[in-house]
Structures are given as structure tokens and as C-alpha cells.
Amino acid sequence: MMNLEKLQSDVKEIGADNGPDFIYRFLLSYGMPKATIARLRLNITGEEQSPVHVPNKIYYQFTSKSNLLSLFNLLKRDNLNKIKARFICIANKDNILAYDMNTEETLLSSKKELYKSFDFFFPLIGREKKVITSHVTVNIKAAERFAELYNELVIANKGTNDVDKIVSNLMSRLLFCFFADSVGLISRGAINKIVYNFSEESGTNLSYLLESMFKAFFIKDRNGVPDYLMELPFLDIHMFNTPIELPRFNKRTRKLILEISELDWSDVNPDILGSLIQSIVSTDKNNINYNFTSVPNIYKLIGPLFLDELYEAYESSKNEYQECLNLLNRISKIKIFDPACFTGNFLIVIYKELKELESKIVESMRNLPNSKEVITSSLNISQFYGIEKNEFACIVTRLGLFFTECQISILQNGRLTFVDHLLEDLNRNNIIHGNATRISWNDICPNSDNEIYVVGNPPYKGARKQSKEQKDDVEFVFRNHNNIKDMDYAACWFYLASKFVGNSKNAFAFVTTNSLTQGQLVGLLWPKIFDENVHISFAHTEFKWKNSGKNNTAVTVVIIGIRSDVSPKRKFIFTQTTAYEVPWINPYLTAPKVIVKKQRKPISNLPPMPKGNMPYDKGHLLLEPHEVQELVNQYPTSKKFLKRVMGSDEFINDLERWCIWIDDKDLNEALLIPPIKDRINHVKKFRLNKLAKPPHQFRETNITKTYSLIIPSVSSERRTYIPIGFVNENTIITNLAFSIYDCDPWVFGVISSKMHNLWVRTVCGRLESRIRYSSQLGYNTFPFPDISNSQKESIKRCVYDIITERENQSEKSIAQMYDPDNMSEGLLYTHMILDANIERCYREEPFHSDQERLEFLFDLYNRKGD
DNA sequence: CATCCGACAGCAA
DNA sequence: TTGCTGTCGGATG
């Protein structure tokens with residue numbers, strides 16, 4: 001067992017020393033044998049940049065380049081999977097980027113501070129579970145205390161009008177005070193001291209004390225400021241310049257304030273700040289989910305959008321004084337605009353990044369022999385624009401940017417200088433409180449000749465889950481279009497941003513739900529976007545949402561970057577481990593140039609595929625096996641009115657479920673059975689004013705005479721084939737599966753085929769990443785040639801073979817038979833034969849890859865559409 | 001009439 | 001708490 005404390009202190013020492021032996025000493029502390037390290041050293045050919053590689057453990061490359069993320073993207077172009085290592089690391093003189101191939105986490109740190117995240121590399125010493133480092137716990141503690149204070153105040157002031165408003169007003173002023181305290185805008189520890197000394201322990205006069213404190217900041221001539229507040233400076237901050245109503249305090253809330261003010265607020269990590277605020281405002285009732293974007297995800301977005309390019313420009317111009325000056329000038333004019341900024345994570349991270357680039361340029365210039373004048377930084381927070389609907393979050397963004405500016409100033413000058421200048425920046429305020437779907441973006445961030453980059457993570461909300469207000473917003477944004485009621489809320493931002501960057505050299509990129517790149521949304525939204533003369537410039541394919549908050553939202557996201565057609569750039573599709581250049585990126589975030597729209601009827605010669613029957617019953621027409629037992633035992637005649645039902649779950653996992661199924665002519669007889677009558681009454685109640693269909697029946701009453709095909713609408717994406725099957729006339733298929741009634745067996749063959757499965761995976765929607773079969777999108781659009789009877793016969797034989805093969809293992813459920821890790825050879829073989837038969841319907845020459853199959857299908861689809 | 005979706009939902013390990 | 005995998009209902013075209 002390794003001594004973790006020693007490990008951490010070793011990493012700290014190695015990072016601080018930062019000699020040329022960094023990686024070797026690093027590996028040594030993580031328990032790598034001395035012999036291995038000696039061997040690694042031998043491999044070095046003298047080139048500074050040759051990588052250090054311990055197979056299956058770590059791959060480390062040193063670089064002289066300053067932007068590690070760009071280099072990481074570059075490395076992805078050769079596919080990280082080819083490098084056999086758990087950790088991929090890139091480092092330059094000061095910083096290190098590490099990527100964990102298993103957990104897909106990215107760590108970006110200075111070498112000096114690497115010890116704070118030393119647990120990131122625990123897998124190297126055989127520990128998977130991470131411990132939380134003290135550095136992080138302090139910040140989380142601050143966040144939790146702050147949220148606790150908020151909640152306690154709301155409880156303590158219950159009954160007061162506008163409690164939330166009053167409390168959040170106070171919270172923003174307190175947040176300001178704690179930050180101001182940490183950067184020395186107020187003398188350090190002053191807030192804690194004043195509250196401790198001059199308020200009653202019971203908290204009764206704290207409200208009054210704080211009021212006087214806030215007032216004191218705004219009295220320029222200090223007239224009327226009580227002696228005990230004289231150490232507070234005059235700070236002309238417009239957004240706090242109006243008196244506010246304060247909540248009542250008690251012993252507990254006073255104590256919390258004291259505790260919070262004792263914590264160190266000097267580390268404005270936007271990630272932490274975001275989690276802090278999210279925990280406070282995420283209980284919001286106006287149906288907006290507040291989520292902050294993690295720092296690694298922000299980097300995924302800003303790199304390809306503009307940062308990589310700026311760094312390239314820097315690398316190529318750092319030896320030319322004039323070119324450096326031009327670049328500085330360019331940076332000082334860039335505008336960054338987040339129209340859904342929440343607590344400003346994007347803006348703060350980008351501000352820091354640009355500031356760092358700027359200082360690198362300045363440093364390069366100073367070192368040039370012909371360096372003339374003294375160059376100083378000119379990038380400032382008034383180049384950062386934002387819109388945020390939540391007022392509190394909006395204020396936090398302003399404060400976050402301002403204090404980041406203060407911190408950088410302290411870092412560069414050793415102390416806080418030009419305070420008036422800084423305050424002026426804060427007062428200029430380009431962070432607007434408002435609804436981004438309603439106000440003109442151009443008024444907030446005026447288009448000019450200079451570059452504007454729009455970034456962010458706009459709120460997602462599916463069409464059926466939007467509030468009335470959000471629905472109206474969508475209607476308003478797309479007021480010039482028809483057929484827009486199924487838009488996701490986030491689509492508003494994509495459309496408005498496309499209008500904003502169209503025909504300019506501006507560009508935008510958003511983190512967003514993968515729903516926008518799938519299923520019906522593709523056909524609904526993207527043609528409208530492309531009409532604005534823009535195209536997808538880069539994309540990061542889907543990954544699971546993650547941030548450092550407590551409860552991670554269950555959602556799968558993508559990153560999409562969009563540019564105007566007048567200023568195209570090289571196009572890249574990124575995955576977690578690769579980056580490849582493509583000539584074109586479609587809304588599915590793949591390369592072929594195609595958009596598949598919903599079809600009412602099959603475009604090929606295939607029978608119609610309706611959805612199954614929907615109970616629409618709040619469960620009252622459905623019965624579990626034990627309920628059937630009880631019912632039949634008590635009322636044997638009820639047997640006549642019971643049928644098996646099958647949705648996806650029942651079919652795939654071999655579950656038994658029953659329903660009440662009554663022909664109209666038998667209704668009176670059925671009503672004689674009290675439990676059935678009872679159930680029907682419940683359904684009647686539920687359907688009141690909703691549905692005309694009589695309450696003893698499902699909403700649809702389709703039934704087969706012979707056999708019907710069942711196709712699950714949602715199923716696991718891990719299976720090679722979407723399992724489908726036949727059911728007889730005694731089974732009712734529910735709305736959770738599709739069906740083809742009285743289905744000819746050769747159709748089973750078409751739907752089971754690899755060709756069809758590929759098509760469905762590509763053009764249908766998903767539930768997160770699950771397969772979501774749909775008839776209008778995947779079946780009706782499927783291009784399949786007209787085939788002869790003899791072709792149908794041979795497909796039929798393949799189908800019978802598959803069915804026989806399934807019967808041979810009938811003790812298993814479909815899920816077990818099609819378990820991707822455990823499919824029987826027989827079943828695999830019969831499917832393979834079927835695939836070959838189906839593919840011969842398209843052409844004689846065999847297909848060599850799925851890529852080729854898809855391209856062939858898209859081509860056929862495009863031609864069928866004509 | 002009948003569909004496609006969910007900043008998901010619910011269960012098991 | 002994480003991993004796995006499909007419910008349910010209804011506004012919408």
C-alpha cells in the first residue's frame with residue numbers, strides 16, 4: 001500500500017522543481033520500477049519532443065507549444081485508441097494536460113499545482129476509486145454553506161412577500177463582499193470582523209448592520225458613515241447602488257455568514273462557482289433547468305471555434321514584432337457573446353484563456369531584439385457579452401468576470417491596481433438580464449467588422465415538456481415558419497445564432513442535447529438553419545453530460561460549431577478519441593450530404609407499419625399475472641375478457657402481462673364482473689374530456705387474424721440486431737412497439753437485416769443513446785428495391801432458419817439470445833446468411849464495410865426522393 | 001387518426 | 001451510487 005501523503009508531497013515537489021526529469025520522477029513516485037524508467041530514458045534520441053510511453057499505463061509527450069489543447073486535438077487526428085495507454089499526457093514547460101482513456105476525464109493543470117489533483121492518476125497505482133482532495137472539499141464546503149444560507153434565510157422569512165427576490169438580492173451583495181474581501185478591495189477579513197463584533201449573537205440586528213454596510217460603500221464623502229464601518233471603502237458599483245429590503249436573521253443564519261466569511265474565496269473557479277449557484281437556483285419553478293458547463297467541455301468547444309487558430313497565429317508570428325502587435329490588436333477587438341450565460345462559466349474561462357494568450361504574446365515581444373515600446377494588455381471584460389434570464393445568475397456572471405479581472409491584475413502586478421478602471425469595467429456591464437429569445441442580440445452585442453464568437457449551453461426542453469411561456473418563445477422565434485411546434489427549446493438559440501453569424505465572419509458553437517442531431521428534429525430544424533447561409537464547421541459527437549455538481553443531469557450532449565458560408569474553414573468531426581477532417585458535416589454529425597424527413601407511407605414496396613394499441617388507462621386496463629390469478633379465481637367468466645399484451649419490455653425480456661380486452665357486443669356481460677366494472681370506471685374518470693374512445697377499450701383496437709410482427713420502439717444500443725418477432729392473434733401489441741399485422745415472413749427478413757439496422761441507427765431518433773425505432777423516420781424512409789417472388793422465397797427460408805434457431809434456445813429471453821457478448825453461433829450464422837441475401841437484393845457485388853452500406857443507402861434514398 | 005419524444009425514469013447490482 | 005435499458009402519455013400534424 002502506497003503512502004498517499006508522501007505521494008502527494010512528492011508530486012508537489014516535482015511540480016515545483018519542474019526540471020527536465022519531470023516525467024521520470026513523476027513515474028517513479030507513482031511506483032514505476034526504476035528499471036523501466038532507465039529503459040525509457042535510453043529510448044530518448046535526444047529530441048526534446050519524442051514521447052515517453054509505458055504501454056497500457058501512460059503516454060507522455062513534451063512540447064514547446066503553448067496551447068496544450070490544440071496539440072491534444074492534433075494528437076486525436078491520429079486516433080488516441082491506437083496509443084495503448086490509460087493516460088495520455090501532453091506537457092509544456094509549465095502546464096500539463098492529462099486525459100484518462102477509461103473515464104474520459106480531462107485534467108488541465110499547471111505542473112506546480114498538479115499535486116492538488118494527484119488522485120487523477122491513482123489508476124497508475126492500481127486504485128480506481130478516487131479520494132477527494134482537500135483543495136476540492138474546501139470549495140464544495142463553501143458552495144454548500146452558501147446554498148444552506150440561502151435556504152435557511154428563505155425558511156426564516158417565510159410569509160414575507162417576494163422572499164426569493166429579497167434573499168437573492170442579499171446573496172449577490174454578500175457574494176460581492178466575500179470576493180471583494182478576498183482580492184483586497186475591502187481590507188481582508190473586514191466583513192467577518194464587523195459581523196462578529198457588531199451584531200447580536202441572536203442575529204436580530206444583523207439586518208440593520210448589513211444595511212448600513214451596503215450603504216457605506218456608496219457614500220463618497222464618508223459623511224454619515226459610522227466609525228465602526230469607516231474601514232469600508234467607497235465603491236461606486238452601479239448594480240448595487242439602490243437600497244434593498246433585507247431579510248430577517250436568526251442565530252443560525254448569522255453563524256452561517258460568519259462561517260462563510262472565514263472561508264477563502266480567492267479561488268474563483270468557475271466550475272465551483274457554477275455548482276454553488278446551481279444548488280441555489282436549480283429549484284426554480286419557471287421550468288428552466290439550470291446546469292453549468294464543466295471546464296473541460298468548455299475547452300472542447302472554444303478550441304476549434306477560435307482558440308486553436310489564435311494559437312496558430314501566435315506560433316507563426318511570435319518572432320515578428322509587428323505581427324505580434326497585429327495579433328494583440330486583433331485580440332483586443334474580439335467579442336465573446338454567451339446568450340444563455342447562466343453564471344458565466346464560458347465567459348470567465350474564455351477571458352482567462354485570452355488573457356493568458358495575450359500575456360504570452362507580450363512576453364515574446366519583450367524578448368525580441370527590436371522590441372520598442374512597453375506593451376501592456378488591453379483585453380478587458382467589456383469585450384464579453386451575455387444574456388441570462390435568472391437575475392441572480394446574471395449578477396453572479398458580472399461579479400465573476402469582474403473578480404477574475406481583479407485576480408489577474410493582482411497576479412500580474414502583485415497587488416490590486418487601477419481600481420477605478422476596473423470598477424468602470426464592471427459598471428459598463430454587457431451582461432444583460434432578460435429572455436434571449438425575445439430581445440435583439442444585435443442590440444446587446446452589435447455586429448461590427450470585428451470577430452464575434454457566440455458560445456454557450458442554451459437550455460434544452462423537449463416540445464412536450466415546455467411551459468406555456470417557453471412554447472410562446474418558440475412560436476415567437478420561428479414566427480415566419482410553419483410546422484415548428486415540435487422544436488426543442490434549444491432550437492431557438494441555434495436559429496437566432498445562425499441569423500446572427502450568417503453572412504459575416506462571426507461564428508458560434510453551443511453545447512446541446514443530441515436530440516437536435518437526430519430523428520425528426522433534423523428535418524424540422526436544420527433546413528431553416530442552412531437557409532441562413534451557414535454550415536456546420538466542426539462537431540463533437542455525443543457524450544454523456546458531466547459536471548462537478550452533486551447530481552449529474554441524465555442527458556447526452558453534442559457540441560456543434562457553425563460558421564457562415566462566406567468564411568469557411570477546414571471542417572473536423574471530433575469524438576472522445578479522434579478528430580478527422582471531412583469536406584462536409586451533416587446535421588447527424590456525420591459526413592454524407594443528406595437529411596431524411598418523416599414519411600407517412602413507405603417509399604419502398606413494403607407493407608404499412610402502424611404503432612401498437614395504446615391503453616391510455618393509467619394502468620387500469622393492464623394486469624400483472626398475480627392480478628389475473630386473483631380475478632380468474634374469483635370470477636372464472638372473466639377469462640374471456642383477458643389477453644396477453646406485449647410492449648418492448650415484455651417482448652425483449654419475456655415478461656407476462658395481461659389486459660382487459662372487451663368486444664363491444666360483450667360489454668354488458670363484462671360489466672357484470674365487479675372488478676372489471678371498477679377498472680372501467682377508473683379509466684372513464686381518467687379519460688374524461690380527453691378521449692372519445694369508450695373506457696372499456698384501448699385507444700386503438702388493431703388486432704391480427706394470423707400473425708403479426710412486433711418491433712420494439714426502444715431497445716438497447718448494444719445489440720448487433722434490433723430483435724423483432726412474431727406474435728399470434730391472442731396477443732395485443734401496445735403503443736410501446738410497432739407492428740405489422742398479418743405480416744408476410746420475408747418482411748421480417750428485411751427489418752432484421754444489417755442494412756435496415758444501420759439505416760435505423762442513423763436516421764431515427766434516440767432515447768439518450770438507446771435505439772428508438774420509428775416507422776415514419778426509419779421504416780417508411782428505408783430504400784429497398786422491388787424484389788421477385790423467388791428472392792422473397794429465399795429470404796423467407798433465412799427467416800425460418802432464424803426462428804428455428806431461436807426455438808432451439810427457447811428457454812432464453814430475447815434479451816439473452818441477443819446479448820451482444822453471448823449470442824450463439826447458430827443465431828449469428830443464420831443472421832449472417834440473411835444479411836447476405838438481403839444485400840444481394842441491392843447489388844451482386846458484396847459490401848465491404850458499414851460505411852459503404854450507408855453511403856449506398858443514402859445514395860439510393862436521394863435518388864428515390866427525386 | 002396515430003406518432004416521436006423526454007437537462008428521463010426506474011430497477012438491479 | 002452507478003450502470004443498464006426501456007415506460008407512459010399526449011400535443012401535434
Side-chain angles (χ1 to χ4, degrees), chain A residues 103 128-129 278 282 284 287-293 340 342 457-466 468 470-471 474 482-490 511-516 518-524 544-547 549-557 597-600 608-619 622 645 647-653 655 657 686-687 690-693 698-702 712-719 722-723 734-739 763-780 815 818-820:
Chain A
T103 64
E128 276 308 325
K129 259 223 155 75
Q278 191 187 347
S282 61
D284 204 313
N287 203 9
I288 287 202
N289 298 70
Y290 287 99
N291 289 295
F292 65 95
T293 310
F342 189 42
N457 173 29
Y460 336 144
K461 209 76 191 171
R464 299 288 176 281
K465 299 210 161 188
Q466 288 162 21
K468 173 81 176 67
Q470 288 167 332
K471 281 254 162 227
V474 175
N482 299 322
N483 231 347
I484 48 93
K485 291 196 168 177
D486 277 326
M487 291 287 183
D488 192 286
Y489 197 41
V511 179
T512 196
T513 166
N514 61 348
S515 297
L516 296 193
Q518 292 166 0
Q520 62 173 2
L521 260 288
V522 169
L524 284 180
K544 278 216 163 290
W545 173 268
K546 230 184 238 173
N547 65 24
K550 269 189 274 181
N551 302 311
N552 267 325
T553 320
V555 62
T556 305
V557 293
K597 289 193 181 181
K598 286 200 283 192
Q599 298 282 340
R600 288 304 196 83
M609 180 193 283
K611 224 159 187 169
N613 307 303
M614 184 173 189
Y616 204 85
D617 65 334
K618 279 280 178 245
L622 298 175
V645 279
S648 301
D649 205 6
E650 292 80 20
F651 170 66
I652 293 173
N653 296 310
L655 305 175
R657 216 171 175 196
F686 165 63
R687 288 194 193 163
K690 283 183 179 171
L691 193 68
K693 195 84 178 177
F698 279 28
R699 199 181 66 177
E700 295 86 23
T701 46
N702 296 319
S713 57
V714 171
S715 62
S716 169
E717 70 275 24
R718 291 176 57 249
R719 300 184 186 111
I722 303 166
T734 74
N735 64 317
L736 302 174
F738 289 87
S739 60
V763 304
C764 285
R766 299 273 178 123
L767 178 60
E768 294 221 314
S769 48
R770 278 343 60 69
I771 302 279
R772 168 172 257 149
Y773 197 91
S774 72
S775 53
Q776 291 193 353
L777 284 161
Y779 178 75
N780 293 351
Y818 283 84
D819 177 344

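In what follows, chains carry the letters A, B, and so on, assigned in the order in which the sequence lines appear, proteins first and then strands, with residues in each chain numbered from 1. It should be emphasised that the depicted structure is a prediction, and the values quoted were computed from it without experimental measurement. Hydrogens, waters and symmetry mates are skipped; everything else that's a heavy atom, side chains included, is used.
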**Study point:** Contacts of type side chain to side chain contact (heavy atoms under 4.5 Å, CB included), residue A:V714, not counting sequence neighbours
**Key:** A:L767, A:R770, A:R772
Point to revise | Footprint string (nucleotides 8-13 of chain C, 5' to 3'): B base within contact, S backbone only, - free, heavy atoms under 4.0 Å | key: BBBBSS
**Study point:** With sequence neighbours excluded, residues passing side chain to side chain contact (heavy atoms under 4.5 Å, CB included) with A:P820
**Key:** A:R718, A:R719
**Study point:** For DNA chain B, the dot-bracket pattern of Watson-Crick and G-U pairs whose distances stay under 3.5 Å, | for other-strand partners
**Key:** ||||||.||||||
**Study point:** All side-chain hydrogen bond (donor to acceptor under 3.5 Å, both in side chains) counterparts of A:N653, not counting sequence neighbours
**Key:** A:D649
Check your understanding: So does A:S775 get a side-chain nitrogen or oxygen closer than 4.0 Å to the phosphate oxygens (OP1/OP2) of B:dC4?
Key -> yes
Review point. With sequence neighbours left out, what residues match A:Y460 under ring-ring contact (aromatic ring centres under 6.0 Å, His included)?
Key: none
Review point. Quick one: side-chain hydrogen bond (donor to acceptor under 3.5 Å, both in side chains) partners of A:Q776, sequence neighbours excluded?
Key: none
Point to revise | Counterpart residues, side-chain hydrogen bond (donor to acceptor under 3.5 Å, both in side chains), relative to A:E650 (two or more places apart) | key: A:R657
Point to revise | Residue A:P610, side-chain atoms from C-beta onward, closest of B:dT3, B:dA7, C:dG6 | key: B:dT3
Quick test: give all pairs of protein nitrogen or oxygen and nucleotides 8-11 of chain B nitrogen or oxygen below 3.5 Å, distance rounded to 0.1 Å.
unit_1: B:dC8; atom_1: OP2; unit_2: A:A554; atom_2: N; d: 3.4
unit_1: B:dC8; atom_1: N4; unit_2: A:E768; atom_2: OE1; d: 2.8

Practice item. Taking side-chain hydrogen bond (donor to acceptor under 3.5 Å, both in side chains) as the test, write out the residues that go with A:T293, two or more places apart. Key: A:N457
Check your understanding: In chain order, what residues pass the ring-ring contact (aromatic ring centres under 6.0 Å, His included) check against A:Y773, with sequence neighbours excluded?
Key -> A:F738, A:H756
Practice item. Name all residues meeting the ring-ring contact (aromatic ring centres under 6.0 Å, His included) criterion together with A:F292; count only those two or more places apart in sequence or in a different chain, and write none if there are none. Key: none
